[in-house]
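Side chains are part of it too, since the values below use all heavy atoms of this structure and drop only hydrogens, waters and symmetry mates. All values derive from a computational prediction rather than experimental measurement.
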Amino acid sequence: MKFHSVSALLILLLTSISYSQGGWVKITDPQNAVSNYTTIFPYAGASFIDINDDDLIDIHAAPRVIFMNQGNGNFTRAADLNFTPLVGIAGSSWADLDNDGDNDCVVSCTPSRVFFNNGNGIFSNGTHLFPGLAAYGSWACAIGDYNEDRMPDVFLTHAEMFHPGSQEEPCRFYFQPDTVLGIYMQVSGYPFLQNLSSYTNPYWSDYDMDGDMDLFVASGPVDGIGAPDPCYKNMKIELGIDTLYPMTNELFAQQNQDGQCYNFIDYDNDGDFDLCITNYFSIPTRLYRNDNGIYTQLSTPFTNATTNIANCWGDYDNDGDLDVIITNDNAPTRYFRNDGGTFIYLPGGLSTPTATNGAVNGDYDNDGDLDVFFNGVGNNGNNSSVGLFRNDTAAGNRKWVNIKLTGTFSNRSALGAIIRIKSTINGAPFWQMREVNAQNSFQGQNDLRVHFGLGESSIIDSLIIKWPKGLTEKYTNVNVNSFYTATEGQGLQEIVIGINQISSEIPLSYSLFQNFPNPFNPATKIRFSIPRSEDNPETVKLEIFNALGKNIETLTDRELAPGIYEYEWNAINFPSGVYFYRLNTGKFTETKKMILLK
């Protein structure tokens, strides 16, 4: 069957509309639970996190709301985390605290809470394991493994005068001794654990790439003057003991800040970590270029602004360098594209009509580009900008790779691992680098999976993983447009998400089979075959259209090896009617009709 020209025009118009919105489309379908999310919290973060280990990232909107990803572009709302927040400030940090194979949650709020994942999306309150935490008010939190003992540690900040209903206290720092599993003890002796201040967001990052995670505590005094933020170098590698030394030589540690969000990222792809600090009204936002340990402050389109909150980095256009989204609690969000180290503000790029605070990214629909979720309404109280924005056209057809890391000797979430890849983009070979973190935005975190944009690269020449415990593993000739799992000491494995290869038999021809059952309610299976050809693996696109010819879902758009595949499409959120599914490989196109009866 061929689509009528009017249907083709509709598809073209929809694509154009999507592009005119900067490449992202806000999810507004009322049958998709995430579109109904609202909040009254002025300062609140979010996290993209795989809660039930199904390779579909879910969403936690701090402090309590959880949306579970159903794998068809839709979310259902799960039971809220079981506690009652007292004030409108909340964040979270997610990682596998107990190394049992699922991600647990620390919630910064008044009161603060720790929830352990039982492996089925049901959470147990484990706050009692953290001495004195039950009534503690905190602004933000970060999980890291500062002493490299495989057991993740927890840091929470307290912003003086911002937590009514709780006692004024310094920050809290908990570690889990490897000899007493399940018991958390408090670290003491540091000024930020003894003195009150306007501590906002903590961050763990191996900024000097020496093998241990360093600590950075954003502190926004909002006094018109600013002050140096607490920045501490981890001396585990140098001295062999668990201790943090205050930084004094680095420019960013010497200067006054009004700190809200730290991110160590390699924006210029030169193999070291640069730094972006979003500051509030006392100090403009700052970007520092790292030149062999010497930091130089740069001027960019986003460093002349104040009252900024989050800096959320990702290769949103998949061209091989990191772009940034900047939120502001008094103004719309702005997106700045990185063009080879130079940043360009795109007035027609991703934006929000009103202020937001928390911004996080992740590929929730597993189509190879980074989507964005916003939380927190800022000072204007308007919640029209919070919610999920799907990346439809910002990345174009540029290549990508996505890698999930699992530690064995290191902490299971691989916090602190550094991944480097080499590929050829625009005719030149160069390296990109990422670090796995459980806090890399304002009061929240991006997906723990690592995403790289690859431009027009046809292959990844080298992929190198440096695990927190020191093991370095190298892989060559890695396929692009693929999802991988990397397990420490056990290798790299490509995985297919959503589509299952059901037979190792190599077909003789392309085929798109009739879905079964048909009619169906609410799910049906779509099967197709890809033969061997000179272009294997080749890009395969499987799409669903409604009776008007509108693309309502893309089930896959990625390279597949020869084989017989099957996809189960769940239409629980769609009305009864006639639908069409189309397979397109560039060499083969076929469309079939199916009927949904409810």
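Between F374 and F389, the ring centre distance stays below 6.0 Å. The distance between the ring centers of Y207 and F216 falls below 6.0 angstrom. Note: Y203 and F264 fail the aromatic proximity criterion, with ring centroids not under 6.0 Å apart. The ring of W139 has its center closer than 6.0 angstrom to the ring center of F162. Outside the 6.0 Å centre-distance limit, the rings of F336 and Y267 are not counted as a close aromatic pair. The aromatic ring centres of H60 and W94 sit less than 6.0 Å apart.
In this model, no donor atom of one side chain and acceptor atom of the other lie less than 3.5 Å apart for S219 and Q257. A side-chain donor from one of Q176 and Y184 sits under 3.5 Å from a side-chain acceptor of the other. Side-chain N/O atoms of S138 and S112 include a donor and acceptor closer than 3.5 Å. With hydrogens and angles left out, the side-chain atoms of T327 and T333 include no donor and acceptor closer than 3.5 Å. Using modelled atom types and a 3.5 Å distance limit, the side chains of N328 and N308 yield a donor-acceptor pair. Side-chain contact annotation: S282 with D258, donor-acceptor N/O pair under 3.5 Å present. No side-chain donor from either of N234 and Y146 sits under 3.5 Å from a side-chain acceptor of the other. If you check the side chains of W204 and Q439, you find no donor sitting under 3.5 Å from an acceptor. T285 and T303 share no side-chain donor-acceptor pair at under 3.5 Å. For N311 and N263, the side-chain atoms include at least one donor-acceptor pair closer than 3.5 Å.
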Margin query: Applying side-chain contact (heavy atoms from CB on, under 4.5 Å) to D365 and D371, what does each step give before you reach the verdict?
Written below: CA-CA 8 Å; D365 49 2; D371 312 296; 3.0 Å; yes
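The only member of D210, D212, D206 that meets salt bridge (Lys or Arg N to Asp or Glu O under 4.0 Å) when paired with K233 is D210. Looking at F67, F75, F48 one by one, the single match for ring pair (Phe, Tyr, Trp, His ring centres under 6.0 Å) with Y364 turns out to be F75. When each of Y199, F173, Y232 is checked for a ring pair (Phe, Tyr, Trp, His ring centres under 6.0 Å) with F192, only Y232 meets the rule.
Between D268 and R289, none of the side-chain N atoms (NZ, or NE/NH1/NH2) sits under 4.0 Å from a carboxylate O, so this pair counts as no salt bridge. The pair R420-D266 does not count as a salt bridge, with every side-chain nitrogen at least 4.0 angstrom from each carboxylate oxygen.
By the 6.0 Å contact criterion, CZ on R449 is enclosed, its count of non-hydrogen atoms from other residues, nucleotides or ligands being greater than 12.
Taking the six-membered ring where tryptophan is involved, the planes of Y316 and Y335 are perpendicular, since the angle between them exceeds 60° and thus also 30°.
Atom CE in M213 sits 8.0 Å away from atom CG in N411 (nearest 0.5 Å).
In this structure, the side chains of Y245 and T243 come closer than 4.5 Å at one or more pairs of heavy atoms.
Closest approach of F373 and A46 over heavy atoms only: CD2-CB, 3.6 Å.
Under the 6.0 Å distance and 45° angle rule, R172 does not count as a cation-pi partner of F130.
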